[in-house]
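Here is the structure we will look at, set down as structure tokens.
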Amino acid sequence: MIAVAMIRSRGGIAGARYARVMPASGSDLLDEAALADLFERVRGGSAEILGTLEGDPMLVVDLDRPTRAGRLDIPPAFGSVVVGISRTGASCEGLSGVDVAITEADRSARPWVSVADLDAELDAMAVAVQRSPMASVALVQVLRSGRSESLDHDLVLESLAYSTLQGGPEFARWLAATPTTPTTPTGVPSLLVERIGDRLSITFDRPRVRNAYNGAMRDELCEALTVACADPSVREVHLHGSGPDFSSGGDLSDFGTLPDPATAHLIRTSRSAARLLAVVRDRTVAHLHGACVGAGVELPALAAGVVARSDTRLRLPEVAMGLIPGAGGTATLPRRIGRHRTGWLALTGRFIGADTGRDWGLIDEIAEG
């Protein structure tokens with residue numbers, strides 16, 4: 001029998017809560033038997049056990065206790081973010097039974113995320129998940145449902161979830177609190193595209209707004225990539241960003257401007273820069289520097305080579321907006337770093353630096369200068 005308790009964060013942050021499942025042993029963290037029983041109950045029809053709709057958007061699993069978390073699979077529709085914790089970084093093969101795995105040990109091996117203070121990290125994650133519980137759970141449901149053999153499947157799934165969240169209360173709340181103004185005059189090109197011999201260079205060229213990614217830039221990028229897809233004489237494709245940052249992510253002035261989420265989904269899937277990049281992946285090198293936010297990391301993740309300056313910082317901020325990554329990130333990042341680390345990046349919205357990006361596999365080479 002599983003009892004559920006809501007535990008206020010140790011740091012005392014107002015409103016920061018997460019669920020801990022109480023097994024028969026009396027521990028305040030989920031154990032092997034309780035985890036297996038919980039998942040079986042969900043598969044057996046108890047779909048509303050725990051979960052965001054019940055006020056429990058986050059569960060914590062103790063991976064230092066004897067556990068089969070590495071061999072269990074979370075039901076894709078399970079309605080809570082499952083966070084596995086370990087103070088020792090004990091080896092749990094695969095960790096398919098959790099969405100995120102954090103440890104105080106110095107572990108660079110996938111899927112672990114090493115943190116300095118496990119309790120503080122749990123508090124911070126609880127705050128982030130409680131702020132956007134619908135987006136948080138939608139994110140991990142999409143990541144759980146990914147198919148490594150089909151990028152198209154994962155891109156469509158991401159877009160459907162993103163579009164659903166565009167009609168939700170969390171995004172509406174964020175949008176109402178975020179005043180925006182147009183950032184680029186109509187008709188001004190967003191890219192510099194140059195063909196020299198067999199090399200095609202594509203440069204994000206909106207330095208005044210740190211190369212914020214908007215609909216116009218997406219459409220121009222798709223046009224340039226379509227040329228590379230159709231012309232085998234283009235043997236190299238290079239992605240650059242002008243100014244101090246590669247890209248600051250989605251242009252806030254674009255958010256909420258399309259007529260409805262259904263139209264947005266059809267546009268997003270028919271004008272997919274990620275899908276086109278996948279076609280020319282083996283010929284593509286992304287050159288990163290400065291801030292690489294949202295689309296600024298989601299799209300480069302598809303390149304066969306990612307070369308970054310030492311000042312490069314990578315971030316996925318969308319969950320805090322009531323959304324999930326929408327430029328392909330739930331499809332592209334897991335193919336480089338796995339769904340656990342992708343989940344941590346998106347749930348926390350934190351920056352990681354070039355060294356961590358290289359250790360995790362988001363960056364292939366750090367170049368000075």
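These figures come from a predicted structure and were not determined experimentally.
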Does the side chain of D73 come under 3.5 Å of the side chain of S96 through a donor N or O and an acceptor N or O? yes

Consider only side-chain N and O atoms of S148 and R335, and report whether a donor and an acceptor are under 3.5 Å apart. no

Please enumerate all residues that pass salt bridge (charged side-chain N to carboxylate O under 4.0 Å, His left out) together with [X], with sequence neighbours excluded.
X: E121; value: R350
X: R210; value: D245
X: E236; value: R199
X: R195; value: D231

Solution key, residues 327-334 side-chain donor-acceptor pairs under 3.5 Å, sequence neighbours excluded:
residue: T330; atom: OG1; partner: E158; partner atom: OE1; Å: 2.7
residue: T332; atom: OG1; partner: E298; partner atom: O; Å: 2.8
residue: T332; atom: OG1; partner: G328; partner atom: O; Å: 3.3

Using side chain to side chain contact (heavy atoms under 4.5 Å, CB included) as the criterion, list what pairs up with L157, not counting sequence neighbours. V142, S145, H153

I'd like to know whether R358 forms a side-chain contact (heavy atoms from CB on, under 4.5 Å) with D364, so could you lay out the CA-CA distance, the side-chain angles of the two residues, the decisive distance to 0.1 Å, and finally the verdict. CA-CA 6 Å; R358 180 179 57 188; D364 299 307; over 6 Å; no

Residues that [X] engages under side-chain hydrogen bond (donor to acceptor under 3.5 Å, both in side chains), provided they are two or more places apart:
X: T263; value: D260
X: S201; value: none
X: E104; value: R87

Per the ring-ring contact (aromatic ring centres under 6.0 Å, His included) rule, what does the pair list look like for residues 263-287, sequence neighbours excluded? H238-H287, H240-H287

Charged N-O contact under 4.0 Å between R339 and D99: yes

Is R147 salt-bridged to D154, cutoff N-O under 4.0 Å? no

For [Y], is there any backbone N or O sitting under 3.5 Å from a side-chain donor or acceptor partner on [X]?
X: R144; Y: P76; answer: yes
X: R275; Y: T269; answer: yes
X: T356; Y: I352; answer: no
X: S132; Y: V129; answer: no
X: H340; Y: W112; answer: no
X: S242; Y: F204; answer: yes
X: S248; Y: V209; answer: yes

Which atoms form the tightest heavy-atom contact between S163 and R268, and what is the distance? OG-NH1, 2.9 Å

Within residues 312-323 or reaching into it, pairs that qualify as salt bridge (charged side-chain N to carboxylate O under 4.0 Å, His left out) - sequence neighbours excluded: none

Show your working on side-chain contact (heavy atoms from CB on, under 4.5 Å) between L345 and F351 and close with a plain yes or no. CA-CA 8 Å; L345 274 175; F351 276 108; over 6 Å; no

Verdict with supporting geometry, M217 and E220, side-chain contact (heavy atoms from CB on, under 4.5 Å): CA-CA 5 Å; M217 180 181 282; E220 291 177 41; 5.8 Å; no

Evaluation steps, side-chain contact (heavy atoms from CB on, under 4.5 Å), between D205 and S190: CA-CA 5 Å; D205 192 36; S190 300; over 6 Å; no

Check the hydrophobic clustering (I, L, V, M, F, W, Y; side-chain heavy atoms under 4.5 Å; chains of links allowed) and say if L122 and V115 are grouped together. yes

Matching residue for T284 among L277, L302, V306, L225 - test: side chain to side chain contact (heavy atoms under 4.5 Å, CB included): L277

How would you list, by chain and number, every residue that makes a ring-ring contact (aromatic ring centres under 6.0 Å, His included) with Y213, sequence neighbours excluded? none

